[in-house]
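Everything on this sheet refers to the single structure shown next.
On a predicted model such as this, the values are computed, not experimentally measured, just so you know.
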Amino acid sequence: MTAADIDYLIPGYDLGTGGISPAEVLGRGRNTDLIEDATVALAEARVRKSGVLEKLDQWAAEDRNTDGTGGRPAMISSRAVLTAFLLLARESSPMHVRRAALLLQVRLTPASQKLLGLPESDSELVLPSASKDRWYNNTMRAFQRMNSRMDPYPQERYTAKTHEMIQAILDAHDPVRSERYKARLNEFTRLFLRMTIMEQPRAIRRRYKKLDLSFDQTYVGTPTTRGFSHNTIKNKIAVERSTADFGKIAPGPVDAFAGWHVGNGERTDYQRHEVDQTNPKDKKNSGKVFDWGWVANLAVRVDSEAPGTKRFPTLVVAASLSIPNREVAEEAVDLLRSATTLGMEPGVADADKQYWANSVPGRLLKPALETGFTPSTEYRVDRLGVRGGQHGALAVEGDMYCPSTPAPLLNATKDAHDGVIDIATYKARIKSRKAFALHVKDKAKSSSANALLRCPALGPSPSVTCPLREMMKSATRKARPHVEPETLEEEFLDTICKKHSASFDLTAMQQPAQAFDYGTDEWEEFHEHARNTVESENQQLKASGDEDIETAGRRRVRGISAAQIIITLLLVNHNIRKIASFLDDEQRRDRKNSPAEPSPTRRRDRAWLNKYTKTNGDGDIRVRNTKDLKRSTEPQPLRT
């Protein structure tokens, strides 16, 4: 085959590069295939529908120090960069700026480049390598320009630093600016995730308007893995200052705003303005696994009314990135507040013991109740059984109980945990205990954490009888548990036994009130479904092949804000895949359940007869001999 023949088959092919085409050389062996215009238009439309572009313009105006005309217009816009990254996520390609630049340069048709407002190619006037560098530089500037509007922790991230430099960066940190820019970053993520929710067909969006969540944290790696501990940084600085030869100091950390994630064992939750004292080399942390990086806070949609069924796609509805061990409760509250903007009624919010069981009410429970979500969780072992109370009532695992509730019923969960009773006995006791729970007279409003409760022997539907209370005449006559008179001491009676009702502060309970009675089959079914769902989503998002949000090599940009931008776009792709898979499954079920249409009879079965069986395609006998078969090709009436 001659060079002319090869050039005919592969335009631009040059034998001077051996068996490698010029396109492969330009892309350094990476994919340079053209992307269809429809695919580009779809990704670009989703960027616009998110509303992020308007927010970026607003933030740029807020940060602008002067009212001047500005400099030269950017060669590549934020719209083009975000579209390129969405296209890379769709292909499961590495989310690298260099890949995005190559995509914008050579993988788009002229129509797609015009749609994104990209400059015309200068490949005829400039060497391909120089042109590629120009596209990369312009793409990187566009990304950094967008990132600078949302970065809560600005610093230099390209060189290793001494611990003294790290401390100087920490000292110069502006917490007020950080909080404002962190809110911008979370708003960026919220807008994109909301867009994916709205991409569902209207029938599915309206199928179930209640929003139940399960939220959790999962580890996300950083491009640089050398970390430090706030607990030992002063000692490190002293060692560095005592070292005469600066060249002997080992390279230190690069990013000052990351932390040690505990892979196993109990985790801490430092409040705002507290210093994280986590030290992997501490003796008390022996046996624990630590990784330097960040954590992704994810809220996934679950189903409290029909756990385990697939009535709607399992989507990530809220997300953010944060530093491990810091403000875990506050990050959870931000997830719940973000979810309330989706236009659905807040339902149940499930989480493990790291959240509801460990956080003080003022940090998580109270603001969560204000959003309208109801907790669902496990309790810590040291908080089982009676844990305080109000107005004479006893607080037991999320409910307020009559002070005369039998002790075996109050201690049922604790006895089951200690192995004193078996599961069957435990289930029977918590079912019997429910009769002694106070009745709700007036539910807590979304803006208040107080609820009006009354004695279980009062009201139109009393669940127990008590010598101190007179049953209403309209109450149904049936057998009820009875409060023993010897348990009542007149001089020690409190408000709940003397008045018709009392106001209870739900946030003052060590065990938060839950959507389902703790320990019941209903609670267990939902909690297991919610935990399995969020853990499954975490595994899918971290699995190699699609999103792979954990691996830092998937996104080489440095800094938590740049990482959240990339991970947000990966979550968008994840949700789109989930919606598409859900629709495909529904179509398969519809085809399977719909009655099959009879297939039309083929012409050869209608017109031709089998000379051996003397039948047509329907199996009917039409002829008696082969002479008739030769005489006509159409089915003949049976001869007599």
Side-chain angles (χ1 to χ4, degrees), residues 42 45-56 58 82 86 183-216 296-307 309-320 330-351 364 366-376 443-448 515 526 529-530 533-534 537 564 567-583 586:
L42 183 62
R46 285 171 176 159
V47 171
R48 285 188 290 103
K49 285 190 288 186
S50 69
V52 163
L53 300 177
E54 290 77 7
K55 282 293 180 181
L56 290 173
Q58 174 187 333
L82 292 172
L86 280 182
R184 290 181 178 183
L185 190 60
N186 290 345
E187 177 69 3
F188 174 90
T189 301
R190 185 192 71 81
L191 290 173
F192 261 115
L193 292 182
R194 184 182 184 278
M195 178 272 296
T196 64
I197 303 298
M198 300 306 294
E199 288 290 86
Q200 299 177 101
R202 180 179 299 178
I204 294 179
R205 295 202 312 269
R206 296 183 174 182
R207 183 177 299 175
Y208 185 53
K209 295 185 178 180
K210 186 178 179 181
L211 180 61
D212 302 311
L213 300 178
S214 182
F215 55 92
D216 200 2
N297 307 281
L298 303 173
V300 179
R301 192 177 185 187
V302 293
D303 193 346
S304 64
E305 293 187 1
T309 59
K310 296 182 178 181
R311 299 194 294 172
F312 44 76
T314 304
L315 305 179
V316 178
V317 297
S320 67
E330 287 74 16
E331 291 291 340
V333 172
D334 287 343
L335 293 180
L336 299 180
R337 288 172 177 164
S338 176
T340 59
T341 64
L342 299 177
M344 290 180 278
E345 177 188 355
V348 186
D350 185 273
L364 177 57
K366 187 174 182 178
L369 292 177
E370 291 173 353
T371 65
F373 284 96
T374 305
S376 173
K443 293 184 178 180
K445 299 179 181 179
S446 59
S447 59
S448 172
F526 171 70
H529 154 69
T533 300
V534 72
E537 289 299 300
Q564 183 165 333
I567 288 177
T568 296
L569 301 177
L570 290 171
L571 293 177
V572 168
N573 187 68
H574 173 80
N575 280 359
I576 295 298
R577 288 195 302 106
K578 284 283 188 174
I579 297 171
S581 299
F582 180 84
L583 295 177
E586 281 207 332

statement: Only residue of N297, L213, L298 satisfying side-chain contact (heavy atoms from CB on, under 4.5 Å) with L335 is N297

- request: Indicate whether any N or O donor in one side chain lies under 3.5 Å from an N or O acceptor in the other, for Q564 and S320.
  value: no

message: Do P307 and V302 make a side-chain contact, defined as non-hydrogen atoms from C-beta onward lying under 4.5 Å apart?
response: no

statement: Only one of T196, I197, L193 passes side-chain contact (heavy atoms from CB on, under 4.5 Å) with V317, and that residue is I197

message: Please find the pair of heavy atoms, one from S50 and one from L191, that lie closest to each other, and give the distance.
response: O-CB, 3.4 Å

message: Salt bridge check, R207 against E586: does any charged N sit closer than 4.0 Å to a carboxylate O?
response: yes

field: From CA spacing to verdict: side-chain contact (heavy atoms from CB on, under 4.5 Å), L53, L82
entry: CA-CA 10 Å; L53 300 177; L82 292 172; 4.3 Å; yes

message: Quick one about T189 and T568 (side-chain donor to acceptor, distance below 3.5 Å, no hydrogens or angles considered), yes or no?
response: yes

task: Please name all residues satisfying salt bridge (charged side-chain N to carboxylate O under 4.0 Å, His left out) with D216, sequence neighbours left out, ordered by chain then number.
output: R531

- prompt: Side chains of R190 and T341: do they bring a donor and an acceptor to under 3.5 Å?
  reply: yes

K210 atom NZ, over 12 foreign heavy atoms within 6.0 Å: yes

field: Residues E187, R184: salt bridge by 4.0 Å N-O rule
entry: no

query: Within the distance-only criterion (no hydrogens, no angle test), does the side chain of S214 pair as donor or acceptor with the backbone N or O of A530 below 3.5 angstrom?
result: yes

message: Regarding K578 and E537, does a basic nitrogen lie under 4.0 Å from an acidic carboxylate oxygen?
response: yes

- prompt: With a 4.5 Å limit on heavy-atom distance, are the side chains of L369 and P375 in contact?
  reply: yes

message: Test your reading of the model: is there a side-chain donor-acceptor pair from R205 to the backbone of Q200, 3.5 Å cut-off?
response: yes

Pair E345-K209, side-chain contact (heavy atoms from CB on, under 4.5 Å): steps then yes or no: CA-CA 6 Å; E345 177 188 355; K209 295 185 178 180; 5.6 Å; no

query: What pair of heavy atoms forms the shortest contact from A515 to T374, and how long is it?
result: N-CG2, 3.5 Å

query: Counting distance only, does the side-chain N/O of S581 pair as donor-acceptor with the main-chain N or O of R577 below 3.5 Å?
result: yes

query: Taking C-beta and beyond as the side chain, do F215 and V300 meet within less than 4.5 Å on heavy atoms?
result: no

message: Any side-chain to backbone donor/acceptor pair from R194 onto L342? Under 3.5 Å, distance only.
response: no

field: Trace of the side-chain contact (heavy atoms from CB on, under 4.5 Å) decision for L56 with V52
entry: CA-CA 6 Å; L56 290 173; V52 163; 3.9 Å; yes

message: For a side-chain contact (heavy atoms from CB on, under 4.5 Å) check, start with the C-alpha distance between R301 and M344, then their side-chain angles and the critical distance, and finish with the verdict.
response: CA-CA 11 Å; R301 192 177 185 187; M344 290 180 278; 3.7 Å; yes

task: Return the set of residues passing salt bridge (charged side-chain N to carboxylate O under 4.0 Å, His left out) with R311 (not counting sequence neighbours), or none when no residue passes.
output: D303, E305

